[in-house]
Every structure is written in C-alpha cells, then in structure tokens.
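It should be emphasised that the depicted structure is a prediction, and the values quoted were computed from it without experimental measurement. All ligand and atom numbering here is 1-based and tracks the order in the structure.
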Amino acid sequence: MTLALALAKFGATVVVLERNSKVQEVGAGLQLSPNARRVLNQLGLDKAISARSFEPRAIDVYPYRAKRPVVSLELGAIMRERYGVPYSVIHRADLADLLYRACKRFANIDLLFGIRNFDAVNHARGTSLVIDEANGANRSARVFALVGADGVRSETRTRVLNGPEASYSGYVAWRTTIAADLLKDVLALDRTTLLLAPGYHAVCYPLPARKQVNVALFVKTKARELDVPPKEPKLPWAALPSKTLETIVRLAKGGWGYWIVDTVDATVWSDGGVGIIGDAAHAMLPFQAQGAAMGIEDAAILAPLLMTEPDASSAFQRFGAMRKERVERVRNISNFNGFAYHLEWPFTLGRDLVLKAQGPRGHLKRLDWLYGFDAAPEPPVPPPERVPKAAEGSRP
Ligand SMILES: Cc1cc2nc3c(=O)[nH]c(=O)nc-3n(C[C@H](O)[C@H](O)[C@H](O)COP(=O)(O)OP(=O)(O)OC[C@H]3O[C@@H](n4cnc5c(N)ncnc54)[C@H](O)[C@@H]3O)c2cc1C
C-alpha cells in the first residue's frame with residue numbers, strides 16, 4: 001500500500017491485489033524508525049500516524065537477571081531533534097488501516113481483495129497478468145509492471161521469478177499484547193524494554209492508543225522442533241528464571257501468536273516487468289526492527305523509477321543497484337544483534353561493558369546512516385529567479 005500511494009502521487013494507475021478478504025494484520029506492534037516515518041510523512045500520513053502511535057522515551061536494555069538497565073538508549077525528543085521525525089511504535093493493524101484509508105482517497109488506486117491466484121508472463125511488448133478473483137472470475141491485463149510485495153513466502157519470487165524459498169533462521173517469535181494496566185508495576189510504560197538472556201530475548205513496548213503493551217519473545221529453536229508447533233511458548237526461561245519475563249508470561253495467559261522467523265536471500269529481484277520488494281526480496285532477522293522499514297524505503301525508491309525509466313525492466317534494474325548494498329548492511333546489523341543478544345556468560349560481560357561504554361546516545365552515532373536516510377528527498381527548491389536591478393536613472 002505504501003508503494004501504491006507513492007505511485008498514485010505521480011498519477012499512476014495502481015491495482016493492489018491482496019490474498020486476504022480484507023485488510024488484516026496479524027501480530028501486534030511495529031517499531032517505526034525515522035527512515036520509515038520520513039517516507040510515510042512525505043505521503044501525507046504524519047498526522048494519522050501521530051494520532052495512533054507512541055514515541056518511547058528510550059530503550060532500556062536489561063542483561064539477564066539484571067535489576068537495572070545496563071544502558072538506556074535515548075529515543076523520544078532526541079530523535080526528532082536529530083532526524084526531524086520521530087521514532088515511534090504503532091499497532092500493525094492501525095498502520096495497515098491508515099494506509100488503507102489513504103489508498104481509498106485516491107481514485108487511481110484500486111484494491112482487490114480475496115485474490116485466489118495470479119500469474120505473470122513477460123513478452124516483447126510488456127507483461128501480461130492473469131488473476132483469479134474471490135468470486136471465481138478471472139481477469140487478465142497487460143501491465144507496465146507487476147511488483148510482488150507479497151512477503152517472506154512470496155510466490156512472485158518463488159514461482160514467477162523462479163527464486164529461492166525462504167530459509168528458517170533458527171528463531172521463533174512469540175507475540176502477544178497485554179493490558180497496560182496489568183503491567184504498570186512490571187515495566188516502565190513510557191519506554192521500550194529489551195530483556196536479554198542466553199537463548200532468548202524479549203522486546204516490550206507500550207501501545208497507549210490501544211491501552212496495551214506489545215511483547216515479542218524470540219526463542220532459538222531447532223528446525224526439527226517446528227514440525228509440531230507447540231500450543232504455548234516452549235519455556236526456555238523455565239530453566240533460566242527471569243522474574244520480569246515470568247510475570248509477563250503469567251499475565252499473557254497463553255494468548256500468544258507463534259511466528260516462525262524465516263529469511264530470504266534472493267540475488268535476483270526482477271525479470272523484465274516483474275520485480276519484488278520488501279520481505280519478498282530481502283526478509284531479514286527482525287533484531288534491528290527494520291524489515292518493514294526497508295519495505296517502506298523500497299516503495300519510496302521504486303515509485304519514481306517506475307515513473308521515469310523508459311520501461312519497467314530498467315526501473316527494476318536501477319532499483320536493485322540502488323538498494324542491495326543498504327539492505328545488506330541492515331541485514332548484517334540485524335544478524336549481529338541476534339548474536340549479541342543471546343550471548344552466554346562470560347561473553348555477556350564484554351558485551352555489557354561495550355553497551356555501557358557507548359552510553360545513551362551511542363546507538364545514534366552508530367546508526368546515523370540508517371535513521372538519517374531520506375529515501376524520497378523532496379526536489380530542491382529552485383532559487384528565486386534573479387531579476388537584474390534596474391540601473392539608476394534607467395527606465396523600469
Ligand atoms: C516478530 C517480528 C517483529 C518485527 N518487528 C518489526 C519492527 O518493529 N519494525 C520493522 O520495520 N519490521 C519488523 N518486522 C519485520 C516486518 O514485519 C516485515 O519486514 C514486514 O511486515 C514486511 O512487509 P511486506 O509488506 O514486505 O510483507 P508482509 O507484511 O508479509 O505483507 C505481504 C502481503 O502480501 C499478501 N500476499 C501474500 N501472498 C499473496 C498472494 N499470493 N496473492 C496476493 N496477496 C498475497 C499477504 O496477505 C500480505 O498482506 C518484524 C518481524 C517479526 C517476525
């Protein structure tokens with residue numbers, strides 16, 4: 001939907017094909033970093049996001065069993081000061097809903113739900129698309145481009161582009177939301193809490209617009225254990241007691257969603273008029289909270305290319321050339337975080353010393369290249385035309 005909005009702004013006609021029968025978002029919260037927010041603001045969504053999101057003051061990092069955070073990474077006001085836009089958190093369903101409403105305002109965006117199947121073929125004069133609609137009817141059309149933003153298990157990648165299947169990352173995410181009232185004595189509700197431990201970590205942040213707290217618990221899990229998904233989180237912390245986490249698990253009362261974290265390493269992102277963006281192209285570990293942000297950036301960068309390049313094939317080629325290095329860099333820091341978050345004693349001692357030494361603003365210096373990135377810079381305002389001053393005594 002971000003891509004649809006970015007294209008519609010240029011006057012393109014866009015059809016969004018969605019498999020689900022309506023806008024629905026599983027899971028819970030999403031951290032929206034400044035690089036993503038900047039794009040969404042440029043699409044006119046600032047107020048709508050502000051109304052439903054929350055700006056945590058900091059990320060408090062708790063090593064295993066620590067009673068106090070080893071560091072409190074500043075967010076809040078400093079993010080606005082430094083990057084001109086906030087670092088916020090929002091419920092996924094709220095973001096999906098406000099994107100949907102924004103799309104509905106454009107006469108040149110059509111949203112088709114309940115798509116059962118699709119196929120695309122490149123030929124000399126463009127790309128042909130066939131879709132099976134919810135009511136069983138099928139439609140075909142010649143299109144300028146088909147952009148697969150169909151997620152980690154993208155059929156555009158695997159079936160149309162003959163690309164690789166997603167691979168299991170070794171992690172399972174358990175997600176839930178808990179009434180904020182219940183957690184007011186357990187977590188500081190003006191900020192994000194990151195609980196680290198050998199073999200698992202948890203990220204908790206408030207979603208005040210819904211009076212809830214989002215909890216995502218990431219657990220290292222062997223691939224063979226995935227065949228029979230457990231009904232409840234498998235409790236690695238039973239062997240590693242953490243008071244805060246035990247309380248969270250008790251309060252969640254089993255209301256967890258189970259999400260196998262897969263990643264995608266596709267070298268080919270396009271063929272002719274068919275291309276992929278977002279998780280379909282480069283799903284990564286969520287440990288820098290950047291997967292959706294990368295997809296949002298993708299949309300902002302691909303849209304003007306599709307509007308200005310002579311054909312979709314060259315738009316996709318240029319897009320790949322512009323994106324791959326940055327996406328890889330983000331993937332690498334996400335992998336590194338996964339390694340550092342789950343370290344075991346005594347290696348945790350070194351990690352915690354580094355975290356402490358970097359201090360509350362260390363992450364900003366380290367991540368300026370990430371958060372300060374502007375995927376859709378406004379064209380520079382041309383200087384006012386110089387009118388030569390009339391020479392004294394001459395006629396105007
Ligand atoms: C636990 C967890 C926490 C995360 N936290 C963050 C975070 O804080 N910040 C962040 O930036 N990222 C985060 N991520 C990553 C983020 O969720 C993903 O990167 C993001 O959702 C990818 O967006 P997407 O649009 O590419 O794909 P998706 O969100 O997967 O959307 C794909 C869409 O395509 C549709 N679709 C799929 N197949 C078809 C088909 N055949 N026909 C029609 N429609 C189809 C789906 O129904 C869906 O609507 C997290 C991920 C996890 C697992």
Requested in this report: Would you mind reporting whether R139 and L112 have side-chain heavy atoms less than 4.5 Å apart?
Outcome: yes
Worksheet item: Side chains of I59 and H363: does their closest heavy-atom pair fall under 4.5 Å?
Response: no
Legend entry - Aromatic ring proximity Y341/F218, centre distance under 6.0 Å: no
Heavy atoms of V39 and A300 approach each other most closely as CG1-CB, 3.7 Å
Subject >> Closest heavy-atom pair and its distance - R157, A280 >> reply: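 Heavy-atom minimum between the residues: NH1-O, 2.7 Å.
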Practice task
Establish, yes or no, whether the cationic atom of R38 lies under 6.0 Å from the six-membered ring centre of Y371 and within 45° of the ring axis.
Solution key: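 Checked: cation-pi criterion not met.
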Ligand 1: protein residues within heavy-atom distance under 4.0 Å:
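Residues within 4.0 Å of ligand 1: L17, E18, R19, N20, L30, Q31, R92, F118, A149, D150, G151, E155, A173, R175, F218, W259, G278, D279, P286, A289, Q290, G291, A292, A293.
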